Amino acid sequence: MPELPEVETTIRGLEPVLLGQRLASVDPRRPDLRRPIPADLRQRLTGATVTRLHRRAKYGLIDTSRGDTMIFHLGMSGRWRVDPEEIGTHDHLLIETGEGRRLALNDPRRFGSLDIVETEALAGFAPFVRLGPEPLGPEFTARHLAAALAGRAAPIKALLLDQRVVAGLGNIYVCEALHMAGIAPGTMGRRIGMVRLDRLARAIEAVLASAIEAGGSSLRDFARPDGELGYFSKQWRAYGREGEPCHCGTPIRRRTDGGRSTFYCPRCQR
DNA sequence: AGGTTGACCTGTACGC
DNA sequence: TGCGTACAGGTCAACC
């Protein structure tokens, strides 16, 4: 679930619960997820007030009045549960706010992460150092793609999954953007000219924007205690649609690249 | 250096 | 019902 639009929607859903609130308790339930959870995370957050929630790539950022930022990554299976009735085995971090709201970071596969860094030092946080531009920001253009893909022989699908090229795309939205742009996933990066790169950049922006909008339109569902988000209406044109007709009528195909499924239309995507 | 592969974890869906 | 297999939205280290 968690690619850029899902993290963005998560941040927007957490905002009404956390923004301006004092963190009455912050309780890691295990020492690590994908990597160790900083031992001082609890102490640095407890009693602090949340001043801002934002996002970089697929990372959620929670700033506090003490000059710290908690950084969470949802991995493959992470989500925040709001006011859960019970705490389960995969609730790895518990938070209670000054007004008694409770949050649980739930992540069965534990591919996610939790970190805390000084807000001023965010740019130096190791996973951020080499990230490419935000796809919905001003630096992301066809020109940027041209520079990033110059001389690259790897397939465009792999290049778009590389967070150094552009930050925040995952398997679903790469498939969707390539389908929308009419580019075959196996095309070598260096073989894509400016006209198609321009189409690709706009497709990426459009796919992400509409996914965020779809999430945002049902944000009130976020706070359901079961944690089900309910807004993943499957409006995908290619992803998960093997055998179903593309808008051109040709059945969508699925293949495996580097262990990941790729969905594409063999007629529309060249 | 760039490109590719496998490992990390658990849950779920499906075929027999 | 039970068992085995395939697969899942992400990174990152280790290899050619």
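If you're wondering where the values come from, they're calculated on a predicted model, not measured in any experiment. Residue numbers start from 1 in every chain, and the chains themselves are labelled A, B, ... in the order their sequence lines are given, proteins ahead of strands.
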### Message
ring pair (Phe, Tyr, Trp, His ring centres under 6.0 Å) for Phe72(A) and Trp80(A)? Distances and angles first, verdict last.
### Response
CA-CA 10 Å; Phe72(A) 67 84; Trp80(A) 284 94; 5.4 Å; yes
### Query
In whole angstroms, how far is the P atom of dG11(B) from the CG atom of Asp91(A)?
12 Å
### Query
Going by side-chain heavy atoms closer than 4.5 Å, which hydrophobic residues are tied to Leu122(A), directly or by a chain of links?
Tyr59(A), Leu61(A), Ile71(A), Val117(A), Phe125(A), Phe128(A), Leu131(A)
### Query
Any side-chain N or O of His90(A) under 4.0 Å from OP1/OP2 of dT10(B)?
no
### Message
Can you tell whether the side chains of Arg66(A) and Asp68(A) come within less than 4.0 Å, N to carboxylate O?
### Response
no
### Query
Taking a pair as Watson-Crick (N1 to N3 plus N6-O4 or O6-N4) or G-U wobble (N1-O2 and O6-N3), both under 3.5 Å, which stems of 3 or more consecutive pairs involve DNA chain B?
B:2-8 with C:10-16, B:10-16 with C:2-8
### Tyr239(A) side chain near dG9(C) phosphate (N/O to OP1/OP2, under 4.0 Å)
yes
### Message
Nearest to the Ile172(A) side chain among dG11(B), dG9(C), dT11(C), which nucleotide is it?
### Response
dG9(C)
### Message
Rounded to whole Å, please give me the gap between NZ in Lys157(A) and C1' in dG9(C).
### Response
11 Å
### Message
Is the phosphate of dT11(C) approached by Gln163(A) (side-chain N or O, under 4.0 Å from OP1 or OP2)?
### Response
yes
### Task
For dG10(C), take OP1 and OP2 only and decide whether either is under 4.0 Å from a side-chain N or O of Arg109(A).
no
#### Entry: Rounded P spacing from dA14(C) to dC9(B) in Å
15 Å
#### Entry: Residues that, via side-chain heavy atoms closer than 4.5 angstrom, fall in one hydrophobic cluster with Leu94(A)
Ile87(A)
### Spacing of His92(A) atom NE2 relative to dC9(B) atom P, expressed in whole Å
12 Å
#### Entry: Test: Arg241(A) cationic atom under 6.0 Å from Phe263(A) six-membered ring centre, within 45° of axis
no
### Query
Quick one: salt bridge (Lys or Arg N to Asp or Glu O under 4.0 Å) partners of Arg42(A), sequence neighbours excluded?
Asp27(A)
### Query
Over how many whole Å does the gap from Arg79(A) atom CZ to dG10(C) atom C1' extend?
18 Å
### Task
Indicate whether OP1 or OP2 belonging to dG9(C) is found under 4.0 Å from a side-chain N or O atom of Lys58(A).
no
### Sole residue of Arg102(A), Arg81(A), Arg30(A) in salt bridge (charged side-chain N to carboxylate O under 4.0 Å, His left out) with Asp91(A)
Arg81(A)
### Task
In plain terms, say whether Glu6(A) and Arg79(A) are close enough for a salt bridge, that is, a side-chain N and a carboxylate O under 4.0 Å apart.
no
### Summary
From CZ of Arg35(A) across to C1' of dA7(B) the rounded distance in Å is 16 Å
### Message
Please determine whether salt bridge (Lys or Arg N to Asp or Glu O under 4.0 Å) holds for the pair Glu176(A) and Arg237(A), giving the CA-CA distance in whole Å, both sets of side-chain angles, and the decisive distance to 0.1 Å.
### Response
CA-CA 7 Å; Glu176(A) 290 298 297; Arg237(A) 306 285 191 116; 5.9 Å; no
### Query
Mapping Phe263(A) and Tyr59(A) onto DNA chain C by nearest heavy atom, which one lands closer to the 5' end?
Phe263(A)
### Query
Has Arg34(A) got a side-chain N or O lying under 4.0 Å from the OP1 or OP2 atom of dG10(C)?
no
### Query
Does the side-chain ring of Phe111(A) lie flat on the base of dT11(C), meaning centres under 5.5 Å and planes less than 30 degrees apart?
no
### Task
Could you tell me whether Ser261(A) contacts a base, only the sugar-phosphate backbone, or nothing, with contacts defined as non-hydrogen atoms closer than 4.0 Å?
sugar-phosphate
### Audit row: Ile11(A), His54(A), side chain to side chain contact (heavy atoms under 4.5 Å, CB included) steps and yes/no
CA-CA 6 Å; Ile11(A) 283 292; His54(A) 50 132; 5.5 Å; no
### Task
Let me see the working for Glu118(A) and Arg44(A) under side chain to side chain contact (heavy atoms under 4.5 Å, CB included), right down to the final yes or no.
CA-CA 10 Å; Glu118(A) 291 180 16; Arg44(A) 284 168 73 175; 4.1 Å; yes
Scan nucleotides 13-16 of chain C against the protein and return all N/O pairs shorter than 3.5 Å with their distances rounded to 0.1 Å.
none

### Task
Could you state the atom-to-atom distance from CD of Glu242(A) to P of dA6(C) in whole Å?
16 Å
### Task
Run the numbers on Glu134(A) and Arg56(A) for side chain to side chain contact (heavy atoms under 4.5 Å, CB included), then give the verdict.
CA-CA 7 Å; Glu134(A) 286 290 322; Arg56(A) 173 74 171 114; 2.9 Å; yes
### Query
Given dA8(C), is OP1 or OP2 found less than 4.0 Å from the side-chain N or O atoms of Arg254(A)?
yes
### Message
Would you say Ser77(A) places a side-chain N or O within less than 4.0 Å of OP1 or OP2 belonging to dA8(C)?
### Response
no
## Note on the structure
From CG of Leu33(A) across to P of dC8(B) the rounded distance in Å is 17 Å
### Task
Run the salt-bridge test on Glu3(A) and Lys58(A) with the 4.0 Å N-O cut-off and return the result as yes or no.
no
Which atoms of nucleotides 2-6 of chain B (N or O only) lie under 3.5 Å from a protein N or O atom, and what are those distances?
unit_1: dG3(B); atom_1: OP1; unit_2: Ala153(A); atom_2: N; d: 2.6
unit_1: dG3(B); atom_1: OP1; unit_2: Ala154(A); atom_2: N; d: 3.0
unit_1: dG3(B); atom_1: OP2; unit_2: Arg152(A); atom_2: NE; d: 2.5
unit_1: dG3(B); atom_1: OP2; unit_2: Arg152(A); atom_2: NH2; d: 2.6

### Message
Using whole Å, what does the distance between atom P of nucleotide dT11(C) and atom CG of Leu4(A) come to?
### Response
11 Å
